[in-house]
**Student:** 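Here it is, the structure in full.
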Number of protein chains: 2
Amino acid sequence: MKNSKKRSDCPISSSLDIWGDKWSLIIVRDLMFAKQCTYGDLLKSEEKIATNILASRLQSLEENGIISKSDHPDSKAKFLYKLTQKGIDLLPLMVEINLWADKYYELPAKRKEELKEVKKDKEQYIKTALSNLKQVIS
Amino acid sequence: MKNSKKRSDCPISSSLDIWGDKWSLIIVRDLMFAKQCTYGDLLKSEEKIATNILASRLQSLEENGIISKSDHPDSKAKFLYKLTQKGIDLLPLMVEINLWADKYYELPAKRKEELKEVKKDKEQYIKTALSNLKQVIS
DNA sequence: ATAAAACACTTGCAAATCGCAAGTAATATT
DNA sequence: AATATTACTTGCGATTTGCAAGTGTTTTAT
């Protein structure tokens with residue numbers, strides 16, 4: 001995931017150049033759920049990302065303006081990673097991934113329940129979720 | 001992209017296990033635009049996928065039920081690749097990728113024009129596009 | 001009928017990336 | 001002052017990528 005140059009002007013291709021790998025959207029997901037995470041928080045996620053890969057993805061996501069890194073208010077040893085507006089705007093995309101997976105795969109009951117709400121009124125759900133996320137932006 | 005086992009039950013993670021790489025959604029994109037492609041058609045796409053990578057991705061997409069391979073009606077030397085219903089159902093996701101990229105990157109004028117239509121009435125656009133794609137399913 | 005071209009891949013191989021384990025430097029806790 | 005946390009970095013073998021060339025079948029041209 002190093003200095004990946006643009007393969008073409010196509011929006012799909014340009015997007016994949018940035019987050020088209022197995023880990024970037026996992027990090028985005030964690031930040032959408034938790035609003036803000038430390039490096040250690042992200043390491044703990046279920047999929048067990050390797051520490052060097054996490055570091056490289058965080059750098060790439062920051063370079064591409066999807067996340068921001070800021071000082072932790074309580075400790076100089078920690079940093080906070082948050083989504084930027086550009087990262088928050090990936091929410092509709094994340095919702096669609098969820099809905100697609102819900103249609104074709106077995107999901108945990110808890111997740112399925114949450115998606116019921118989404119399906120009830122997608123527009124409204126996204127609107128609410130977006131404004132919730134926006135409040136955390138530094 | 002070989003026999004990738006599931007990292008977790010999360011819908012994002014499950015989805016990325018299947019198409020979370022730099023090439024799979026490029027192939028899906030081409031099939032959405034062209035409705036059906038031969039191997040050679042896909043090789044010609046702007047991003048210049050390597051032939052061995054194309055072969056491996058086609059196999060993986062077929063194994064995962066996103067695309068289907070069928071005989072070409074005009075020639076025994078050719079095969080047709082098409083989206084399955086599961087592949088077609090990635091359309092809303094592809095639309096959101098386009099809209100996100102449209103917001104944050106410079107797109108070709110032609111593509112921007114097409115997206116104007118989408119933004120005018122997203123629901124309707126998707127509905128129409130889905131039924132257009134559905135007609136091609138073998 | 002035969003040779004050349006087209007088509008869909010496969011193979012070989014060097015280079016890049018991944019992922020595990022261990023290490024480092026700064027800060028925090030005891 | 002010693003130990004633990006935190007956020008990474010480094011080393012290294014294994015896997016994946018991407019380029020180039022090759023293979024086998026079918027189609028087209030002569």
Side-chain angles (χ1 to χ4, degrees), chain A residues 1-8 13 16-27 30-31 34 36-64 67-82 138, chain B residues 1-8 13 16-27 30-31 34 36-64 67-82 138:
Chain A
M1 206 60 33
K2 234 187 288 184
N3 47 332
S4 42
K5 53 229 156 194
K6 255 191 161 193
R7 291 174 295 175
S8 82
S13 163
L16 292 175
D17 285 341
I18 296 174
W19 47 257
D21 70 279
K22 293 240 176 294
W23 293 110
S24 295
L25 290 187
I26 295 281
I27 295 171
D30 286 349
L31 291 176
Q36 49 187 38
C37 295
T38 63
Y39 190 91
D41 292 337
L42 292 166
L43 266 188
K44 278 174 214 142
S45 79
E46 202 185 353
E47 290 84 7
K48 299 283 168 224
I49 187 170
T51 174
N52 55 340
I53 306 294
L54 176 57
S56 109
R57 288 305 179 279
L58 287 174
Q59 186 185 347
S60 148
L61 287 171
E62 197 184 0
E63 280 170 8
N64 285 294
I67 66 173
S68 67
K69 181 182 180 178
S70 51
D71 291 342
H72 195 289
D74 301 345
S75 162
K76 280 189 175 179
K78 294 185 189 178
F79 295 95
L80 279 180
Y81 291 98
K82 304 174 193 176
S138 56
Chain B
M1 203 62 32
K2 234 185 288 182
N3 46 333
S4 43
K5 52 229 158 193
K6 255 190 162 192
R7 290 173 295 175
S8 82
S13 162
L16 293 174
D17 285 341
I18 295 175
W19 47 256
D21 70 279
K22 293 240 175 292
W23 292 110
S24 295
L25 290 187
I26 295 281
I27 295 171
D30 286 349
L31 291 175
Q36 49 188 37
C37 294
T38 63
Y39 190 90
D41 292 337
L42 293 166
L43 265 188
K44 278 173 214 142
S45 79
E46 201 184 353
E47 290 85 5
K48 298 286 169 221
I49 187 169
T51 174
N52 56 339
I53 306 294
L54 176 58
S56 108
R57 289 306 179 278
L58 287 175
Q59 187 185 348
S60 147
L61 287 171
E62 197 184 1
E63 281 170 7
N64 285 296
I67 66 173
S68 67
K69 181 182 181 177
S70 51
D71 291 342
H72 195 288
D74 301 345
S75 163
K76 280 189 175 177
K78 295 183 189 179
F79 295 96
L80 280 179
Y81 291 99
K82 304 173 192 176
S138 56

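Here is the naming used below: chain letters follow the sequence lines, and residue numbers restart at 1 for every chain. We use all heavy atoms of the structure for the numbers below, so side chains are in, but hydrogens, waters and symmetry mates are not.
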**Student:** Under 4.0 Å between a side-chain N or O of R57(B) and OP1 or OP2 of dC9(C)?
**Tutor:** no

**Student:** Using a 4.5 Å cut-off on heavy atoms from C-beta on, say whether the side chain of F79(B) contacts that of H72(B).
**Tutor:**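 They are not in contact (no side-chain heavy atoms under 4.5 Å apart), so the answer is no.
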
**Student:** I want to check one thing: is the phosphate of dC9(C), taken as OP1 and OP2, less than 4.0 Å away from some side-chain N or O of Y81(B)?
**Tutor:** yes

**Student:** Rounded at 0.5 Å granularity, tell me how far CD1 in I27(B) sits from CD1 in I53(B).
**Tutor:** 10.0 Å

**Student:** Between the protein and nucleotides 24-30 of chain D, which nitrogen or oxygen pairs come in under 3.5 angstrom?
**Tutor:**
unit_1, atom_1, unit_2, atom_2, d
dT26(D), O3', A77(B), N, 3.3
dT27(D), OP1, K76(B), N, 2.5

**Student:** So, R7(B) side chain and K22(A) main chain: donor-acceptor pair closer than 3.5 Å or not?
**Tutor:** yes

**Student:** Rounding to a whole Å, what distance do you find between F79(B):CZ and dA6(C):C1'?
**Tutor:**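 Taking atom C1' of dA6(C) as the reference, CZ of F79(B) is at 14 Å.
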
**Student:** Heavy-atom contacts under 4.0 Å between residues 36-46 of chain B and DNA chain D, which residues?
**Tutor:**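 Residues of residues 36-46 of chain B under 4.0 Å from DNA chain D: none.
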
**Student:** What closest approach, in Å, do L42(A) and C37(A) show between heavy atoms, and which atom pair accounts for it?
**Tutor:** CG-CB, 3.8 Å

**Student:** Considering residues, nucleotides and ligands other than K48(A), do more than 12 of their heavy atoms fall under 6.0 Å from its NZ?
**Tutor:** yes

**Student:** In whole angstrom, give the distance that lies between atom CG of D17(A) and atom C1' of dT17(C).
**Tutor:**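 Going from D17(A) (CG) to dT17(C) (C1'), I get 16 Å.
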
**Student:** For a quick check, with a 4.0 angstrom heavy-atom cut-off, what is the B/S/- contact string for nucleotides 18-23 of chain D, read 5' to 3'?
**Tutor:** BBBB--

**Student:** Tell me, do I26(A) and L16(B) make a side-chain contact under 4.5 Å, heavy atoms counted?
**Tutor:** yes

**Student:** Angle, rounded to 10°, between the helical axes spanning five pairs at each terminus of the helix from dA1(C)-dT30(D) to dT30(C)-dA1(D)?
**Tutor:**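 Between the first-five-pair axis and the last-five-pair axis there is 10°.
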
**Student:** For T38(A) versus L80(A), what's the shortest heavy-atom pair and its separation?
**Tutor:** CG2-CD2, 4.2 Å

**Student:** To the nearest 0.5 Å, what is the distance between CD1 on I67(B) and CD on Q36(B)?
**Tutor:** 13.0 Å

**Student:** Just the rounded figure in Å: distance from P of dT15(D) to NZ of K22(A).
**Tutor:** 17 Å

**Student:** Within this structure, what is the NE2-to-P distance between H72(B) and dA8(C), rounded to whole angstrom?
**Tutor:** 8 Å

**Student:** Do L61(B) and S24(B) come within less than 4.5 Å of each other through their side chains, counting heavy atoms only?
**Tutor:** yes

**Student:** Rounded to the nearest 0.5 Å, what's the gap from CG on N52(A) to CZ on R57(A)? Could you check?
**Tutor:**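 Those atoms lie 9.5 Å apart.
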
**Student:** Can you name the nearest heavy-atom pair linking L43(B) to T51(B), along with the distance?
**Tutor:** CD2-CA, 3.9 Å

**Student:** Could you tell me how far apart L54(B) (CG) and dT16(D) (P) are, to the nearest whole angstrom?
**Tutor:** 18 Å

**Student:** Can you list everything that forms a side chain to side chain contact (heavy atoms under 4.5 Å, CB included) with K44(B)? Sequence neighbours excluded, please.
**Tutor:**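 Listed in chain order: D41(B).
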
**Student:** Could you list the residues that satisfy side chain to side chain donor-acceptor pair (under 3.5 Å) with E46(A), not counting sequence neighbours?
**Tutor:** none

**Student:** Find the distance I26(B):CD1 to dT17(D):P and express it as a whole number of Å.
**Tutor:** 15 Å

